[in-house]
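Worksheet for the structure shown next.
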Amino acid sequence: MLGDHLVFPILLSMDLAASRAFYHDTLGLEILAQDEERIVFRCGEGTQFSVSRSTTGTSDTQSQMAWRVPDLRAELADLRARGVRIEQYDWPDPRTDADGIADMGFAWSAWIIDPSGNALGIVQPKGAAPIRPPAPG
């Protein structure tokens with residue numbers, strides 16, 4: 001039964017003001033609700049996620065949440081224009097190219113980090129749309 005319902009991710013934040021500035025002011029996400037303990041943001045197709053006040057934050061470096069997008073390069077260009085740093089990884093898995101994109105086999109992926117250290121993925125499934133090569137220059 002749970003497989004038939006939308007999920008509602010909850011990210012941890014040690015600084016809600018910094019999280020609000022990042023998600024709302026920098027990324028441009030709409031705030032659906034907020035109080036002293038949490039902020040709820042709207043995303044596509046009726047989805048939403050919450051950033052909740054935490055005294056310990058997260059110590060995990062793995063992705064905490066990911067957006068599925070049809071055009072990864074366009075999303076990364078928009079994020080860079082907003083001043084968001086795209087992470088670079090030189091590990092065996094993942095290893096990103098000069099644009100911050102990793103070929104994960106089933107998808108192309110990139111990552112950003114929020115002010116609380118949450119790793120956020122941006123994923124373009126292969127077959128969703130062809131990924132364009134980088135612009136010359």
Exercise. How would you list, by chain and number, every residue that makes a side chain to side chain donor-acceptor pair (under 3.5 Å) with Ser63, sequence neighbours excluded?
Worked result: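 Expected list: Trp111.
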
For this session: Please name all residues satisfying side chain to side chain donor-acceptor pair (under 3.5 Å) with Asp35, sequence neighbours left out, ordered by chain then number.
Result: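 Counting only residues at least two positions away or on another chain, Asp35 forms a side chain to side chain donor-acceptor pair (under 3.5 Å) with Arg38.
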
So which heavy atom on [X] is nearest to which on [Y], and how close?
| X | Y | answer |
| --- | --- | --- |
| Ala119 | Thr61 | CB-O, 3.7 Å |
| Ala110 | Ile86 | CB-CG2, 4.3 Å |
| Ser19 | Ser116 | OG-OG, 3.7 Å |
| Pro94 | Ala102 | CB-CB, 3.9 Å |
| Gln88 | Thr96 | OE1-OG1, 3.2 Å |

Could you see if [X] belongs to whatever hydrophobic cluster contains [Y]? Use Ile, Leu, Val, Met, Phe, Trp, Tyr and a side-chain cutoff under 4.5 Å.
| X | Y | answer |
| --- | --- | --- |
| Leu32 | Leu29 | no |
| Ile31 | Met65 | yes |
| Val51 | Phe22 | yes |

Exercise. Considering residues at least two apart in sequence or located in another chain, which fulfil the ring pair (Phe, Tyr, Trp, His ring centres under 6.0 Å) criterion with Tyr23?
Worked result: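 For Tyr23, the residues satisfying ring pair (Phe, Tyr, Trp, His ring centres under 6.0 Å) (neighbours in sequence not counted) are Phe41, Phe49.
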
Answer yes or no: is there a side-chain heavy-atom contact under 4.5 Å between [X] and [Y]?
| X | Y | answer |
| --- | --- | --- |
| Ile112 | Glu87 | no |
| Pro125 | Arg68 | yes |
| Leu27 | Trp67 | yes |
| Thr55 | Met14 | no |
| Pro9 | Ser50 | no |
| Val7 | Thr47 | no |
| Ile122 | Leu79 | yes |
| Leu76 | Val84 | no |

Problem set entry | Criterion side-chain contact (heavy atoms from CB on, under 4.5 Å) on Ile39 and Leu16, from CA distance to verdict | CA-CA 8 Å; Ile39 307 169; Leu16 278 182; 4.2 Å; yes

For this session: With rounding to the nearest 0.5 Å, note down the distance linking OG in Ser109 to CD in Gln124.
Result: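 Between atom OG of Ser109 and atom CD of Gln124 there are 9.5 Å.
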
Exercise. Hey, are Arg73 and Glu75 close enough for a salt bridge, meaning a charged N less than 4.0 Å from a carboxylate O?
Worked result: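 Between Glu75 and Arg73 there is no salt bridge, as every charged N stays at least 4.0 Å from the carboxylate O atoms.
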
Problem set entry | Pairs involving residues 3-18, ordered by first then second residue, that meet salt bridge (Lys or Arg N to Asp or Glu O under 4.0 Å) (sequence neighbours left out) |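 Sorted result for residues 3-18: empty, none.
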
Exercise. Can you list every salt bridge (Lys or Arg N to Asp or Glu O under 4.0 Å) pair that touches residues 107-116, not counting sequence neighbours?
Worked result: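 Every candidate salt bridge (Lys or Arg N to Asp or Glu O under 4.0 Å) pair involving residues 107-116 fails, so no pair, neighbours aside, qualifies.
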
Problem set entry | Single hit among His24, Gln48, Arg42 for side chain to side chain contact (heavy atoms under 4.5 Å, CB included) with Glu30 |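 Exactly one candidate clears the test, Arg42.
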
Exercise. Backbone N or O of Gly105 within a donor-acceptor pair of the Lys126 side chain at under 3.5 Å?
Worked result: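 Indeed, once roles are kept as given, a pair shorter than 3.5 Å links the two residues.
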
For this session: Output yes when a side-chain donor or acceptor of Asn118 lies under 3.5 Å from a complementary backbone atom of Leu12, and no otherwise.
Result: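 Yes; judged by distance alone, with no hydrogens or angles, the pair exists.
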
Exercise. For Asp90, which residues count as a salt bridge (Lys or Arg N to Asp or Glu O under 4.0 Å) partner, sequence neighbours excluded?
Worked result: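 In terms of salt bridge (Lys or Arg N to Asp or Glu O under 4.0 Å), with neighbours along the sequence ignored, Asp90 is linked to Arg95.
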
